[in-house]
Amino acid sequence: MHKKVLPLLCGAILLPFSPLVTAETNKLPASSNVTMGSAEELCSDFTDPKWREAQVIDGVEIQESKMCNPDNPADIAAFVKGTNNISMDTLMKTQLAADAITVGNDMDGDGDPDHYIIKLEIAELNGHSPDMREPTTTFDIAPGIQPTFWVYAPKTRDMSTLSLYEPIANPLLRAPSPVIRVEQGDIVWLVLENSHYLPHSIHLHGVDHPYMDHGGEGNDGVGQTGQMDVMPGSSKTYVIKPRQPGTMYYHCHVQPHVHIPMGLQGIFVVEENRPNNWVQVFNVGGGQVRHPSVAVKEKYSGEYDLHYQSADKELHMMARSANDPRLIGKRLNLEYDITDSKPDYFMLNGRSFPYTLRESLIVMEENKKVKVRILNGHEEAFAMHIHGHKPMATHYDGVDNGPSSYIKRDVHGMVPAQRLDLEINGTDDGLNSFGQGVWMFHDHVEKSFTTDGIGEGGDISLLVYKNYLSDKGIPEVHGVSLAPYFTKEFWEGKYPVWQDYDKWKSLGLPEIRATKDKAFVLAPPTAKPADASPNPASTVNKPSFIGQLFYGFLLGLLAYTLYIRRKDILALFGK
């Protein structure tokens, strides 16, 4: 029995501390209940579901698209046949100008056209207008996020917006600048009609082109070495007959440290020459190519264009800080310092997560292959990573160096402006593929999966097997709800994504109290009157709490000693 006395005695000494601990615990603020704002639909019913179906329009075969936001099939027909070769009914279902793509004759008798006239304009998105407080011709990269962009766009005949009452840009005016496709050996006239308020040009980066055209004018798009930049209201025709196929690049070469990051950049593809090869001249917004070339279909079930780019918020807001081009030119060219810049927004095909899920999925089937063309449009290095697969790099900067140079890995590094062709194989063997499912892919530079510093965002998207897609093109995912990502509050940093995953809201935010607790401050010592006689009793320091505790412990130890020696003590008194 005496062995239990010491623990009981120590417990009794510590007993007064329990209310103190409880009192301190009760001072913690409760978890707040942050109300999630109105969430957008993951996929709206506004899009005609027939747009997702495989179909033939004016003789053009258009592949099925499983995307939430598929391309307008009428646009695809016009991009393939040319606006001069489709029916008026088809043209009226697009917003393209009648001379946007003029397709010429079959000059070599192989069943496809050999001369193209392609017209581009320059559009401003999320720009400034003296008539409106909010940005005009808007393009959201994520809920509520609207950086200003300058982009190349197919020549249109209609309004820049969806309607008189909606400021949203029409689908042809968007970031990134469109992918342009031509065939090897074709004669191509690329016409830039500068509809913007600053000078611009087109440099055909990696595309086979002569330094001077047949008329003796510069053809490289560099004002300092070729010809004067294309001034506002003017036009310029670039003439090429590319001899080598591959994934190339085009961009503005006027003040490129500003104009390229502002969005004047795009993928330029030269397809391998094949008979009856009617290529899809534009792939607006990138993503799935719904009319792959003959050469691509020889090896692959599908093809995807992935354009990665980033935006410095300071630059893109500065571009809409005025509506006087002199002020904008001054601020961008004289005041903006790119060496001090940092990217805030990371995009895949012009969108950041979660909007990437609507139009930039890679859709796979088991035992089939797809071709993916990638452009690193960032200002920094890029690391392409696809979960559940090890894609094979077949081309670098448009050059096929032969099967002996092919590299299979799960992270593919790219420097700025570099292009990479990947082959993704759906064979479930633990090397090419780990099996069917919903697999993420993204730039593995960690800041790239944030949006203005908030994650997960950025250029995240998904590789999805068909069995895991809904009829509306939404991946059937498990776990975290996607709804918060479709609210403006989340990207404003107001909503904790984990808040509602347990009934205690233990991973939410602490409640901010309306009134502050009064801070505990030791009372100042009482001043002794100057004429008071010293009192020895008052000058003795009172024992501290620790001293009292130690004194109590000694008394307890003494009592315990007396208890276990009680027989000896009683025997001593008995004598």
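Sequence positions, counted from 1, serve as the residue numbers for this chain.
Of the charged side-chain nitrogens involved, none lies within less than 4.0 Å of a carboxylate oxygen, so that K342 and E380 do not count as a salt-bridged pair. Taking a cutoff of 4.0 Å between a charged side-chain nitrogen and a carboxylate oxygen, E359 and R174 qualify as a salt bridge.
Listed here is the closest heavy atom pair of L162 and N170: CD2-CA, 4.0 Å.
Under the salt bridge (charged side-chain N to carboxylate O under 4.0 Å, His left out) criterion, the residue pairs touching residues 45-62 are D45-K472, with sequence neighbours excluded.
No hydrogens or angles considered: a donor-acceptor pair under 3.5 Å links the side chains of D305 and N283. Under 3.5 Å, the side chains of K408 and N432 contain a donor-acceptor pair of N or O atoms. With no hydrogens or angles considered, no side-chain donor-acceptor pair links Y345 and Q309 at under 3.5 Å.
Proximity of the aromatic rings of F353 and F449 is defined here by a centroid distance below 6.0 angstrom, and this criterion is not met. Aromatic rings from H253 and H251 are positioned such that their centres are separated by under 6.0 Å. Y308 has its ring centre less than 6.0 Å from the ring centre of F382. Between H316 and F149, the distance separating the two ring centers is shorter than 6.0 angstrom.
Between the side chain of T450 and the main chain of D452, no donor-acceptor pair closer than 3.5 Å is present.
Among residues two or more places apart in sequence or in another chain, the side-chain hydrogen bond (donor to acceptor under 3.5 Å, both in side chains) test is passed with Q265 by H307.
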